[in-house]
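Below: one structure, written as structure tokens.
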Amino acid sequence: MVAGSVALVVASAYLTVSYLAQRSAGAADPMLFTSNWMWYKPLNIAFSLGVDGVSVAMICLSAIIVMTGTFTSWKIEPLTREFFMWFCLLSTGVFGFFITTDMFTMFMFYEVALIPMYLLIGIWGSGKKEYSAMKLTLMLMGASAILLVGILGIYFSAGATTMNVLELVNIYIPMESQYLFFVLSFVGFGVLGALFPFHTWSPDGHAAAPTAVSMLHAGVLMKLGGYGCFRVSIYLMPEAAKELAPIFLVLTAIGVVYGGLAAIHQRDLKYINAYSSVSHCNLVLFAILMLTQTAMTGAVLQMLSHGLMTALFFALIGMIYGRTGTRMITEMGGLMRVIPFLGVAFVIAGLASLGLPGLSGFAAEMTIFFGAFENADVFRRVLTVAAVSSIVVTAVYILRMVGKFLYGPMQNQKHASITDAVWFERLAVIVLIAGIVYIGSFPFGLSEMLNDSLGNVIAALQR
Amino acid sequence: MDYISNFLFMRSEVSLLAVMVFLLLFDLIAGKKGMKYFQPIALIAFAAHTIWTFVPYEAGVSFGGMYDYKPVMTIVKGILNIATLIVFMQAKEVFDTERQGNKRGEFYFLTMVTLLGMYFMISSGHFLMLFIGLEMASIPLATIVAMEKFSKKSAEAGAKYILLAAFSSGVMLFGISYLYGTVGTLYFTDMPNLISANPLQIMAFVFFVAGLFFKVSLVPFHLWAADVYEGAPTNVTAYLSVVSKGSAVFVLMLLLYKVFGNLIVQWQGILFAVIVLSITVGNLFALRQDNIKRFLAFSSISQAGYLALGIISGTAFGMTTMIYYIFVYVFSNLAAFGVISSIENKTGKVNISDYKGLYSTNPKLSFIMMLAMFSLGGIPIFAGFFSKFFIFAAALEKGFYVLVLIAVINTIISLYYYLLVVKAMFIDSSDNPIPTIQTDNYNRVSLFICTAGIILIGLFGVIMDKIELYSFGM
């Protein structure tokens, strides 16, 4: 598994390089490396693959998180073999989702990624694991049920002979169907992206899951939601997107602020981070719904940034929990002196989360708010201002959290003897921090890669 | 057409009859020693029958329209054969025991009689033929339901089944007689044009389908299901829930499409209500069951609702998806029953609460059970996901959005209770788990076939294509 996950990172790096090479050589198709196998003829379902800049970026993110997740679960007990079997299936779903261009296979991989969660949380989780596992599975499956009606509705109302997104985009879907199926598909994907008020699975699920699963789930799986909204709902039904965006903008703006405020009140480290994820993921949806290229670039950057950041958070929380046996910030204190490496990494993650320039959060959020402000109407600008206020809220809970348990007096003398991270934990942490610093310092290379792909969506919006 | 060539279209019936006669004679003649080989021989003979009747041939009519063969029927009969074969394989270890051993001859013979009845039901071209087939499929079934002589529950189940089956047959015959009164013929080919949706015909139709709904165990004709499933020997329950149900739902579709095409508005309305009720009631009752056979009874009621969802569109695509659903359902449900049967046979435990901690003692069995539950719940990449997706697609194609949304929301409820079984096996721990058990090789093969079916069917789109190829022959 370790070798496999490292190979994944290498393979995705190779994919990125060859993708960029093809693009710079002048390949102008919306997606590259496409291939197509007919699977179920009666419904024109094909197994079609293809990547554009956005999916390449997401694949790199997934590979990094799967690798670091593997490293952090180096010593998972019991049933090690089974754990990695389900973990592999989860990763299969994630990668499959990002490389397919067919709505059916997208939906299939979406569900493939969901079901291992039940067992992963149920068996290896902690706390209220059975309740959380069931809640998470049922809520996400409920979302996928809505999504199923949505994508079949798109297919039938388009009268198409294909389920391929790249071909469906050329077909005009009647307006009245667009209204219905935009809502269904957007909510269906949005639930996975923690769309307010359907986010309640997320804090419980993330808090109860084992470390690697929290990392993959918050880091990548929640991005499936945003990616799906962008790839299916908005790309295929741009007219309805323009009409209905305000409703969802209000919801996501509430989600952004609410997630932050809820995080302030939590004492459990995992809950703090889970609510912070709700806030950040709603920001992704918020940015996508702004429907400008800058905001969408910001959305993808935010997906990457949040993916790395939250994975780092969960990894560190898992490591700290493994050492201290508690996740309550009130029961810890002064840990910076005993575990300086983990402490510093935690501070870096926190600073990235509250948007310190030079780290990934700043680049992503600046781009989002800049892009959102490009919309000249008062409504969107007011909402943007409201969403911007979340930065302040984030600063409050991050600084409080860091101040409480890393600095200050030692709360529990047993904690004085715990040891700092070992090499495989350090490796995972360093890889994630490198990613955060890279996005924060050189966002232009990335946004260059995203530009041509996002341009297609913008073109669809303007037709 | 001379008399003998009439039988040319009845190849599967003749072949099954030959197997039955052979086994009956074997049972009579063989002594104690010979009976040891009875089950392997029965399995081989039936397997041979399954294989050589699997090839479709050109459509035809015999006995002046009483018997009507279409290539798609071979597919359906083939699916029923496979299911019966798997049930036989799972039953072998039960009928090897002292307790049940003396009844093996009867079990195999009577099961095959019911199968023959289903064949006639499927290929009938006349209402009386259909009725004879139906009776042939239900009466022997009641005897094998009551097969556990000393178990009160089994006797009760048999009595319930035969009484309710007789009642529903009566209602059905009543409907048929009214139909005859309004159109003056009972041949399927002559009737469609004479049916004009007058009130008497609609009433006759309702009486008639009520009889079939009973066989399929759709709500509100489902009340027998839970008790009969619980009381019957587990292998018979498996047979009831898969083969009996599959054949009845196919016949239901055949008649709705072929004979009652003019009543499509009416039967779509009826089916709409029945589907919503079946899926919802089945699911809600399944939530609270602890006995796993009762649990699967209610789950199969809701599955019957999904099957009917394939019919409601009234299209050839709907028919394809429904047959595909039956095919997948065979493997998923029989995988579950195979596990239940072997556990019950060795330990006598049939409650979900007994399954706690099963994974620690019987990892393979619980893994198969989990696959079966996932497939029944419609989780990809298992076959159940694909069959459910296509059923929904078929209904959506004709615009049944509300119905599909209800059905889809119900899949979430069903997922909850399927996951409860998985939870009991994998997550819960128990002080007194079921000890590690060894099933015999026949059951292992059957479970292997089911597992392979659950995992592979969905990945090969060609199966769907083949079914579709023949579905258009209607």
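Throughout, protein chains are lettered first and strands after them, A, B, ... in sequence-line order, and every chain is numbered starting at 1.
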What residue in Leu180(A), Leu138(A), Ile123(A) has the most heavy-atom pairs under 4.5 Å with chain B? Leu138(A)
Given a strict heavy-atom distance threshold of 4.5 Å, which part of Leu119(A) is in contact with chain B: side chain, backbone, both, or neither? side chain
Chain B heavy atoms under 4.5 Å from Met108(A): which part of the residue, side chain, backbone, both or neither? both
What do you reckon, is CZ of Phe95(A) surrounded by more than 12 foreign heavy atoms closer than 6.0 Å? yes
At what distance, to the nearest 0.5 angstrom, does OH of Tyr155(A) lie from CD of Glu397(B)? 7.5 Å
Any chance you could measure Ile413(B), atom CD1, to Met141(A), atom CE, to the nearest 0.5 Å? 14.5 Å
Option that, when pairs with chain B are counted at under 4.5 Å, heavy atom only, ranks first among Phe107(A), Phe47(A), Phe109(A): Phe107(A)
How long is the span from the OH atom in Tyr118(A) to the CD1 atom in Ile379(B), to the nearest 0.5 Å? 11.5 Å
Give the C-alpha distance, both sets of side-chain angles, the deciding distance and a yes or no for side-chain contact (heavy atoms from CB on, under 4.5 Å) between Phe392(B) and Val149(A). CA-CA 8 Å; Phe392(B) 293 147; Val149(A) 180; over 6 Å; no
Parallel, tilted or perpendicular, as decided by the 30° and 60° cut-offs, for the rings of Phe104(A) and Phe386(B): tilted
Please step through side-chain contact (heavy atoms from CB on, under 4.5 Å) for the pair Tyr359(B) and Glu82(A), ending with a clear verdict. CA-CA 11 Å; Tyr359(B) 185 70; Glu82(A) 282 83 353; 2.3 Å; yes
Within this structure, what is the CE-CZ distance for the pair Met85(A) and Phe367(B), rounded to the nearest 0.5 Å? 4.5 Å
Picking from Ala145(A), Gly93(A), Gly153(A), which has the most non-hydrogen pairs under 4.5 angstrom with chain B? Ala145(A)
Counting only heavy atoms not in Lys129(A) (residues, nucleotides, ligands), do more than 12 fall under 6.0 Å from its NZ? yes
Are there more than 12 heavy atoms of other residues, nucleotides or ligands under 6.0 Å from atom NZ of Lys135(A)? yes
Does the pair Ile115(A) and Phe385(B) meet the rule for a side-chain contact (heavy atoms from CB on, under 4.5 Å), with working shown? CA-CA 12 Å; Ile115(A) 199 64; Phe385(B) 167 75; over 6 Å; no
Toward chain B, the part of Leu114(A) with a non-hydrogen atom under 4.5 Å: neither
For residues 396-423 of chain B, pull every pair meeting ring pair (Phe, Tyr, Trp, His ring centres under 6.0 Å), keeping only residues two or more places apart or in separate chains. Phe181(A)-Tyr401(B), Phe295(B)-Tyr417(B)
Here the gap from Leu420(B) atom CG to Glu130(A) atom CD, rounded to the nearest 0.5 Å, amounts to 10.0 Å
Straight-line distance of Leu184(A) CG to Leu405(B) CG, nearest 0.5 Å: 7.0 Å
Shorter than 4.5 Å, heavy atoms on both sides: which option in Thr411(B), Ile409(B), Leu419(B) has the most such pairs with chain A? Leu419(B)
Picking from Ile412(B), Val422(B), Ile463(B), Leu396(B), which has the most non-hydrogen pairs under 4.5 angstrom with chain A? Ile412(B)
Interface moiety of Phe460(B) toward chain A, non-hydrogen atoms closer than 4.5 Å: backbone
